[in-house]
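In what follows, a single structure is set out as structure tokens and then discussed.
Chain letters run A, B, ... following the sequence lines, proteins first, then strands; residues in each count from 1.
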2 protein chains.
Amino acid sequence: MPPDQTAPKPLSTDISDRLAARIADGDLMAGDRLPSEAELAAQFDCSRATVREALKRLAAKNLIRTARGHSGGAFVNNLTYAAAVEAHVATSTLLLSMNAVDFQTAVEARFALERACAHLAVTHHEASDLRAMKTAINRLASKCNDEQFCAADVSFHRALVDAAHNPILSYQLAGAVEAMQPLMNMITYPERDREVIIRLYRRIAGAVMARDAAEVRHIMDELEAVILDLFQRRQSRRGPVKPG
Amino acid sequence: MPPDQTAPKPLSTDISDRLAARIADGDLMAGDRLPSEAELAAQFDCSRATVREALKRLAAKNLIRTARGHSGGAFVNNLTYAAAVEAHVATSTLLLSMNAVDFQTAVEARFALERACAHLAVTHHEASDLRAMKTAINRLASKCNDEQFCAADVSFHRALVDAAHNPILSYQLAGAVEAMQPLMNMITYPERDREVIIRLYRRIAGAVMARDAAEVRHIMDELEAVILDLFQRRQSRRGPVKPG
DNA sequence: CCGTATTCAAATGTCAGACATTTAAATGTC
DNA sequence: GACATTTAAATGTCTGACATTTGAATACGG
């Protein structure tokens, strides 16, 4: 005899869900001010503490911001791409670290996404994008440790993403690429391999400039193979991973 | 004379940030139980209410879950792909609706991502993936209203994404594709155009089965052109959008 | 009349203590 | 040993208060 299959969700959860729904529906628009905590407490017939817990949840999701003082209160946030990217990166990073993603899967996903981006970059890029790529390549070519190399690497890929000039794509991919940086940092880049990689990057930049989509795709296939090979050589050098 | 440039963040925010950092650092692992609210209040030298507000924030970000009762408490969540996708979809949907993304940009992003996916689907797909695609196509071909057509459309694309058999990619793309559904729902699909689309889908499924990556890419270019044309015809039929 | 200082009011942020509810373990009973 | 009861620990909620911040109204002096 199941007494009450409906899991009775806490009141604070219910309140935050309802407010979130009103925001999603456009009932509460960006910039609107929510009623004060005391008013909300009266509306929902609960205490201020309960309302506050609900509001903190909305704030955590970036749906509202709160201000103190005379004309303060809770205001519906205008969700920006920058804020969404930040949250996306944080979530993706945790997701990857908690689920023990194997390197091959990560590399595969990353390159798949970047190929998509490069496709658009070929047709949409501007001069500034090429400059950004070249700056990143120069940083890669300078003497630097592995971590700096990786950071410059991210810069290059970020430039490639931005060259697509599509904010939605940038939002999606920035999350993926940045979240994978810790994984990428696991690689060590011997001098000889760095040269190979840099040469491929130069060719990518050149192909983008020449607006040759097929060539870009082809180079990225090469690049992916190089990265995977690099990782596998590192693995075999260190021997199989021992559990525990 | 700026007295205190450092914006003093509320204590509850500080606490949630610190706990979130401990989770991200792996200091608190999935499944671990946080100290009870009373203990945390003692540790941070604050009241239980303040601790609770901090915990609600973490719960909103899906970092912890709470349970009542004797051996209840706050436990570090094992972040699953499914949960992350749900959050990602919600955020992306809001982001798109709040930032008035134009249709062309959305379509461009969507097809760019799907091309990336299709590339992997060609090499990674299994028989079950092809079956899922065909099921979706059959639903598309049956008599249905625009909304049902769109839903089936999403199913097809979801099947394509899953065929890549890369969880990271699925996570990223599911968010993008599902978030764009409201935009896609804006289109009306006349009978003649449906046939065109369905024919293209059949060809995609066929090319995936034949493991012909170039052909898949080519068909998707066609498909994108068709969708854009469809939208533009609809726009011109209704005339330019009037403000207000 | 204008500019400055003071006061005020409204709102969030925090605290303390209490009670309600849930849950599993400990205990008692047959 | 199986079942019912008690109990303890934890979250969920309420109440009322005070602290702090901030813009606006007000008072004052020139």
Would you say the side chain of A/R68 and the base of D/dT20 hold a donor-acceptor pair, judged only by whether the two atoms sit under 3.5 Å apart?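 Such a pair exists between side chain and base.
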
C/dC30 -> Watson-Crick or G-U wobble partner, both distances under 3.5 Å, gives D/dG1

Item checked: Donor-acceptor pair between A/Q172 and B/H88 side chains, under 3.5 angstrom ->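 Present: a donor and an acceptor within the cut-off.
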
Item checked: Short side-chain donor-acceptor distance under 3.5 Å, A/H124 and A/D129 ->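 There is no such pair (donor and acceptor under 3.5 Å, judged by atom type) between the side chains of A/D129 and A/H124.
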
Please report the distance, rounded to the nearest Å, between [atom1] in [X] and [atom2] in [N].
X: B/L40; N: D/dT11; atom1: CG; atom2: C1'; result: 13 Å
X: A/H70; N: D/dT26; atom1: NE2; atom2: P; result: 12 Å
X: B/E37; N: C/dA16; atom1: CD; atom2: C1'; result: 15 Å
X: B/R52; N: D/dT11; atom1: CZ; atom2: P; result: 8 Å
X: A/F75; N: D/dG23; atom1: CZ; atom2: C1'; result: 12 Å
X: A/E53; N: C/dT14; atom1: CD; atom2: P; result: 13 Å
X: B/D14; N: C/dT14; atom1: CG; atom2: P; result: 10 Å
X: B/L55; N: D/dA10; atom1: CG; atom2: P; result: 14 Å

Against the side chain of B/S47, the closest entry in D/dT13, C/dA16, D/dC14 is C/dA16

For the residue pair A/E114 and A/V177, establish whether any side-chain heavy-atom pair is separated by less than 4.5 Å. yes

Taking the side chain as every heavy atom from C-beta outward, state whether B/I64 and B/I23 have any pair of such atoms under 4.5 Å apart.
-> yes

With respect to the phosphate group of [N], does any side-chain polar atom (N or O) of [X] fall under 4.0 Å of OP1 or OP2?
X: A/S71; N: C/dA11; result: no
X: B/R48; N: C/dA16; result: no
X: B/T50; N: C/dG13; result: no
X: B/K56; N: D/dG12; result: yes
X: B/S12; N: C/dG13; result: no

Review point. Please walk me through it: do A/E224 and A/R110 pass salt bridge (charged side-chain N to carboxylate O under 4.0 Å, His left out)?
Key: CA-CA 9 Å; A/E224 181 174 354; A/R110 174 168 170 174; over 6 Å; no

Per nearest nucleotide of DNA chain D, the residue lying toward the 5' end, A/C46 or A/G69, is A/C46

For this session: Have a look at A/R65 and say if it touches a base, only the backbone sugar-phosphate, or nothing, with a 4.0 Å heavy-atom cut-off.
Result: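 Contact class for A/R65: none.
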
